[in-house]
Amino acid sequence: MKRSKYDDFFEKSENGYATCRRCKKKVPWNNASGCGSVRNHLQKSHEEDFRKLQDFVEAEKKSKQIELEMKQKSSVIPFPVVSLTSCKVNSLNSTDNDPWGEMGHRSKEIDAAIMKMICTDHLPLRTVEKAGFLNLMKKIQPKYKMKSRNYFSNTVLLNLKDELERKVKEDLLSMDYISITTDGWSSKDSKQSLLSVTGHWLDKNNHFPKYAVLAAKAVNGAHTAVNFAELIEEVLQKYRIERSAFHGVTRDDASNMSSLCKLLKVPSVHCYAHNIQLCIQDLIDENDDLQRTVSVFKKLVRKMRKSTVCRRTFEKVLNEEGLPNRMLAKDCEVRWSSLHTMLSSVLACKQAVKVLIAREEIAKLPAITDEEWKTAQCLCSLLEPFSEAVKSLQHRFYAPASLIIPSMEVLKLKVGKIIQKHNIDYNFTEAAVTEKFMELFNDRTEKYLDVKFLRFAAFCDPRFKDSYFGTKSVKSEVIDELEKNETAESSEIDSDIETSTTDHVDGIYQEYLNSMVPNSSRATKKSDVEEEVDQYLKTAPNDRLCPYKYWGSSEFPRLKKLALKYLSLQATSSESERMFSAAGLICVPRRNKLKSETLDSLVFCHCNLLNYGLE
């Protein structure tokens, strides 16, 4: 490891500080602060050591000069002796009154704008050192002096992150209850790891949904539940989120995520879209015909997308058949609904694909039998309603967890119609495949009905209310919850009243009246709660209503508070997946030395800039 000239006088630590070997004082020493602090400490506190340092620097300069002269003498091509000492360009009269000085307000504005461009467009930090960008900035504003890449990564990026964190904290002031989505991610080369934490809540003033990325935490250790729990606790403390306000997590089905939620002692739900994807994978794994058909279609698409000859010939065939000029979609295991997209794109160009396979000049394309075409059509028809459901459930604001249970019932109805059609057309093989899929779907999703906050979320959504629970009803559960909340609130009020009044001993008649009042009071409160719930259920569910507008102008105060809590939970973890897509675009092979802390800041700023805007 390269030694510094200050190592004889200071012991450097990993936290960005150095300890003086003489007086044991800690002095800042890192990439951002440089060596100025340690040099000043020596000059002011230890003059003898400072003189030794100066002598060492002078001796080093003479040594380099002698080395250069020796090289010149031994060189075949003579060259002038030049100093290798780097020159520092003085700033442009950087006074407080100069807007274009290093600390001038116009320079700071442009620094921030450049950093926002880098974060938003996934540009490398080295952009500020590239010749083309420097030339552009010189033409646009010659007075602006471009800073170094280190200045942007160590100062401007961190300032931008602090500014966005302040915006998130201000936004969270409108929050009574918050839920999160979270997941773990690793880059392709396994050098970088992140834990996503996205926050979702309803504004307590108007009940409209809000969202922010709370953190893209760099994971330096193993992806264990304990490590993840510590990181999430840090996030909650940073934004001063009370544990009573943090009420739900949307996650994937990995064991470390389930254990994480148990450690945090918070209810959680398995991402609905991910669950559907697992059902589809289970169906294909258990059926050899489906497995073979999907494999053939994947191979066909892969070869056609890879071969330039195939692409051009396919374009000619599409023109001959009078079909739109489009390329076949590729299946991606980690992208939801991509299998349905691939099958539908191939089936839409079925005739052109058949022609292409039959042509002699296109070699090595896999042949597709009539039975495989039929199987692909059956699978595509089966997946269509699920693909539509998954796409609609990925909306940032209008996909609360209240959609999960009603969506399950609607999908069962649609698939039931598909089975009925297959039986009418005597397609018993297709009917058996569809029935098997429904069996797998029921096995994986029936647990959602046991989750209390999913039932409450559906009940609080005016589009569904109490109509999607079959013969069961959630009404009594909701009434019990409301009464419990009201009792807790009234006990707090009573305790406040008791502490503010003086002690008083009641007579026998007053004691009798007091013993009677609570019963009548409880009966009245219960009837008020039941009356409110009955009034809410009096109108039929309306799937065209916006739940947020409905509760923003609602006259049901108790249910309104319940909706504020339960409609904030998300049905899918799509926000975490979007964050990971951004991280994947940043962690490219050419940026393999990117620090984990820098990646953390870049991803956080990218996602929140898109949310809050660039201004």
Side-chain angles (χ1 to χ4, degrees), residues 179-200 213-236 246-286 331-339 386 390 393-394 399 401 404 408 440-451 453-454 569-584 587 596 599-600 603 607:
S179 66
I180 68 168
T181 74
T182 187
D183 200 358
W185 173 86
S186 296
S187 59
K188 289 182 178 179
D189 58 6
S190 300
K191 289 184 177 180
Q192 303 286 359
S193 293
L194 289 177
L195 176 71
S196 66
V197 186
T198 69
H200 305 264
V213 169
L214 301 182
K217 298 289 287 184
V219 183
N220 295 319
H223 286 210
T224 62
V226 175
N227 288 342
F228 284 171
E230 288 177 359
L231 293 174
I232 289 180
E233 289 287 2
E234 287 177 16
V235 174
L236 296 177
F246 174 40
H247 75 95
V249 179
T250 306
R251 52 168 179 80
D252 69 7
D253 204 30
S255 58
N256 58 345
M257 285 296 162
S258 302
S259 301
L260 163 68
C261 296
K262 290 177 182 176
L263 285 175
L264 294 173
K265 296 179 181 178
V266 64
S268 64
V269 60
H270 181 193
C271 170
Y272 186 46
H274 183 248
N275 215 354
I276 290 175
Q277 195 72 12
L278 292 176
C279 293
I280 296 168
Q281 193 59 50
D282 288 346
L283 177 69
I284 294 171
D285 290 343
E286 292 185 15
D331 174 47
C332 179
E333 290 183 2
V334 296
R335 192 171 293 278
W336 301 327
S337 302
S338 61
L339 177 59
F386 292 89
V390 167
L393 287 167
Q394 292 181 56
I404 292 180
M408 287 164 47
L440 294 168
F441 180 74
N442 288 331
D443 289 344
R444 280 196 172 271
T445 58
E446 63 182 359
K447 60 186 177 183
Y448 287 128
L449 294 169
D450 299 328
V451 182
F453 61 79
L454 287 184
L569 189 74
Q570 297 297 290
T572 69
S573 57
S574 53
E575 284 307 326
S576 288
E577 299 300 329
R578 290 188 183 104
M579 184 193 294
F580 297 153
S581 295
C587 288
S596 56
L599 175 64
D600 175 331
V603 174
C607 297

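The first residue of the sequence shown is numbered 1, and numbering continues consecutively from there.
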Report the distance from atom [atom1] of [X] to atom [atom2] of [Y], rounding to the nearest 0.5 Å.
X: L339; Y: C332; atom1: CG; atom2: SG; result: 11.5 Å
X: L454; Y: I404; atom1: CG; atom2: CD1; result: 5.0 Å
X: T182; Y: D252; atom1: OG1; atom2: CG; result: 9.0 Å
X: Y448; Y: Y272; atom1: OH; atom2: OH; result: 7.5 Å
X: T445; Y: N275; atom1: OG1; atom2: CG; result: 7.0 Å
X: S576; Y: Q570; atom1: OG; atom2: CD; result: 10.0 Å

Provide the closest heavy-atom pair for [X] versus [Y] in the form atom of the first, atom of the second, distance.
X: L236; Y: F246; result: CD1-CD2, 3.8 Å
X: F228; Y: M257; result: CE1-CE, 3.5 Å
X: W185; Y: G584; result: CZ2-N, 3.9 Å
X: S573; Y: C271; result: N-SG, 3.4 Å
X: S258; Y: R251; result: OG-NH1, 3.5 Å
X: I180; Y: G199; result: CG2-CA, 4.4 Å

Quick check: do [X] and [Y] have side-chain heavy atoms less than 4.5 Å from each other?
X: H200; Y: E575; result: yes
X: T250; Y: S179; result: no
X: S574; Y: W336; result: yes
X: R444; Y: I276; result: no
X: L195; Y: I232; result: yes

Do other residues, nucleotides or ligands put more than 12 heavy atoms under 6.0 Å from the NZ atom of K447?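 Check passes, neighbour count above 12.
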Side chain of T572, backbone of L393: donor and acceptor closer than 3.5 Å?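 Judged by distance alone, yes, a pair lies under 3.5 Å.
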Spell out, as yes or no, whether a donor-acceptor pair under 3.5 Å connects the side chain of D253 to the backbone of H270.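 No, because the side chain of D253 does not come within donor-acceptor range (under 3.5 Å) of the backbone of H270.
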Pair M579, D183 - check side chain to side chain contact (heavy atoms under 4.5 Å, CB included), show working. CA-CA 10 Å; M579 184 193 294; D183 200 358; over 6 Å; no
Tell me yes or no: between the side chains of D331 and S338, is some donor less than 3.5 Å from an acceptor?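 Checked: D331/S338 side chains pair up, N/O donor to acceptor below 3.5 Å.
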